[in-house]
Peer 1: 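Following this message is one structure expressed as structure tokens.
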2 protein chains.
Amino acid sequence: MSKALSHPEAEAIDLSAVLDALRDPIRRAIVLMVAEQGEKRCSSFLHCATKTNLTYHVARLREAGVIRVRVEGPARLITLRQDELDRRFPGLLPAILAGARQDPPLARLVESA
Amino acid sequence: MSKALSHPEAEAIDLSAVLDALRDPIRRAIVLMVAEQGEKRCSSFLHCATKTNLTYHVARLREAGVIRVRVEGPARLITLRQDELDRRFPGLLPAILAGARQDPPLARLVESA
DNA sequence: TCCTTGGTCCAATATTCTTTGAACTAGGCT
DNA sequence: AGCCTAGTTCAAAGAATATTGGACCAAGGA
């Protein structure tokens with residue numbers, strides 16, 4: 001039986017956890033790319049970090065409530081919890097995404113995916 | 001001769017550094033209180049942490065570009081770099097402050113100051 | 001001058017976060 | 001079955017953060 005990936009409820013999303021999740025450039029790159037291109041699989045980010053390390057970063061984003069991960073066959077598909085997040089912390093995610101877009105090295109990471 | 005406290009230029013403020021600074025509840029309490037009550041001295045926050053520890057947290061906020069610290073006699077006076085921050089990352093600080101206000105334990109910290 | 005107030009600085013510890021390799025599992029294809 | 005793809009798990013090592021105590025310093029008042 002496959003383990004159910006745990007996601008916090010929308011109302012339980014914690015500000016410290018979200019800021020903590022988004023303070024890392026690799027994690028911001030993942031989030032930015034999903035924001036711009038929609039659902040992505042983990043392997044789309046192998047140019048950012050090793051496989052093991054990606055598992056770690058994706059788990060942090062998921063546990064913070066920033067992304068949702070669903071299992072489809074052998075792959076994990078990642079989406080942004082944009083609406084839920086914006087209801088809980090209005091304006092926060094858009095502001096951070098805008099900041100991420102201004103960052104050339106980060107934008108380059110997103111390009112190269 | 002008194003050391004000149006270093007503050008990053010407005011354009012040099014880094015998103016990772018800002019999120020890093022604001023991910024800590026003690027630091028958010030400091031920022032929230034200065035946002036609501038205007039200029040404050042370090043000692044206003046002694047109920048949040050020890051003296052030494054406050055020096056540390058205040059330095060992190062300053063080095064991230066979130067607050068400005070000026071020396072007046074024996075005291076350090078703290079203000080928010082609200083306008084500069086909002087020009088660099090529009091909407092970010094307001095969103096985080098709004099989130100902080102929703103947080104009962106944090107709001108209680110601000111009350112008790 | 002001595003004392004108090006308001007903080008700083010340093011060094012040590014504790015904790016937490018990040019990264020890695022090696023071994024593993026689960027699904028799907030042939 | 002055997003193999004590949006996609007990703008997980010674990011343990012260990014390394015790096016960064018947080019917290020504390022003790023000594024210190026500078027300004028201002030008695």
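Worth knowing before you read on, the calculation uses all heavy atoms, side chains too, and leaves out hydrogens, waters and symmetry mates.
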Peer 1: Scan A:T55 against the nucleic acid and name what it touches under 4.0 Å (heavy atoms): base, sugar-phosphate only, or nothing.
Peer 2: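 Base: the residue A:T55, judged by heavy atoms under 4.0 Å, touches a nucleobase.
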Peer 1: Closer than 4.0 Å, any side-chain N/O of B:S43 to the OP1 or OP2 of C:dG7?
Peer 2: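 For B:S43, the contact criterion (side-chain N or O under 4.0 Å from OP1 or OP2 of C:dG7) is met.
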Peer 1: Hey, which of these two, B:H57 or B:K51, hits DNA chain D nearer its 5' end, going by closest nucleotide?
Peer 2: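 By nearest-heavy-atom nucleotide position, the 5'-most residue is B:H57.
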Peer 1: Quick one: CZ on A:R41 to CG on A:L46, what's the gap to the nearest 0.5 Å?
Peer 2: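 Reported to 0.5 Å precision, the distance equals 11.0 Å.
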Peer 1: Output a table of nitrogen or oxygen pairs between the protein and nucleotides 14-17 of chain C separated by less than 3.5 Å.
Peer 2:
unit_1	atom_1	unit_2	atom_2	d
C:dC17	O3'	A:R23	NH2	3.1

Peer 1: Which heavy atom in A:A64 sits nearest to a heavy atom in A:A21, and how many Å separate them?
Peer 2: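 Scanning both residues, the minimum pair turns out to be CB-CB, 3.7 Å.
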Peer 1: Between B:N53 and D:dA18, does any side-chain N or O lie under 4.0 Å from OP1 or OP2?
Peer 2: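 Answer no for this pair, as no side-chain N or O of B:N53 is under 4.0 Å from OP1 or OP2.
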Peer 1: Is any side-chain N of the basic residue among A:R87 and A:E84 closer than 4.0 Å to the acidic one's carboxylate O?
Peer 2: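 No, no charged N to carboxylate O under 4.0 Å.
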Peer 1: Using a strict threshold of under 4.0 Å (side-chain N to carboxylate O), is an ion pair present between B:R70 and B:E39?
Peer 2: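 B:R70 and B:E39: salt-bridged.
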Peer 1: From CG of A:L77 over to C1' of D:dT5, roughly how many Å is that when rounded to an integer?
Peer 2: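 Taking CG of A:L77 and C1' of D:dT5, I get 14 Å after rounding.
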Peer 1: Would you kindly give the CD1-to-P distance between B:I30 and D:dA18, to the nearest whole Å?
Peer 2: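 It is 12 Å, rounded to the nearest whole Å.
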Peer 1: Remember a base hit wins even if backbone is also touched, and classify A:T52 as base, sugar-phosphate or nothing at under 4.0 Å, heavy atoms.
Peer 2: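 Base, at least one base heavy atom under 4.0 Å.
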Peer 1: Could you state the atom-to-atom distance from CD of A:E63 to C1' of C:dT18 in whole Å?
Peer 2: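 Distance, rounded to whole Å: 14 Å.
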Peer 1: Salt-bridged, A:E36 to A:R101, with N to O below 4.0 Å?
Peer 2: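 A salt bridge is present here (some side-chain N lies under 4.0 Å from a carboxylate O).
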Peer 1: Closer to the 5' end of DNA chain D via nearest nucleotide, is it A:R41 or B:P74?
Peer 2: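 It is A:R41, whose closest nucleotide lies nearer the 5' terminus.
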Peer 1: Hey, are the side chains of A:H47 and A:L109 touching, using non-hydrogen atoms and a 4.5 Å cut-off?
Peer 2: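 Result yes, sub-4.5 Å side-chain heavy-atom pair found.
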Peer 1: Measure the distance from CG on B:L61 to C1' on D:dT17 and round it to the nearest whole Å.
Peer 2: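 From B:L61 CG to D:dT17 C1': 14 Å.
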Peer 1: Could you state the CG-C1' distance from B:L5 to C:dG6, rounded to the nearest angstrom?
Peer 2: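 These atoms are roughly 14 Å apart.
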Peer 1: Let me know the distance between CZ of A:R70 and C1' of C:dA26, rounded to the nearest Å.
Peer 2: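 After rounding, the reported distance stands at 17 Å.
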Peer 1: Rounded to whole Å, please give me the gap between CZ in B:R76 and P in D:dA26.
Peer 2: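 In whole Å, D:dA26 P lies 11 Å from B:R76 CZ.
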Peer 1: Could B:R60 and B:D24 be called an ion pair, given the rule that one side-chain N must be under 4.0 Å from one carboxylate O?
Peer 2: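 No, this pair does not count.
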Peer 1: Rounded to whole Å, how long is the line connecting atom CZ of A:F45 with atom C1' of D:dA6?
Peer 2: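 After rounding, the gap between these two atoms is 14 Å.
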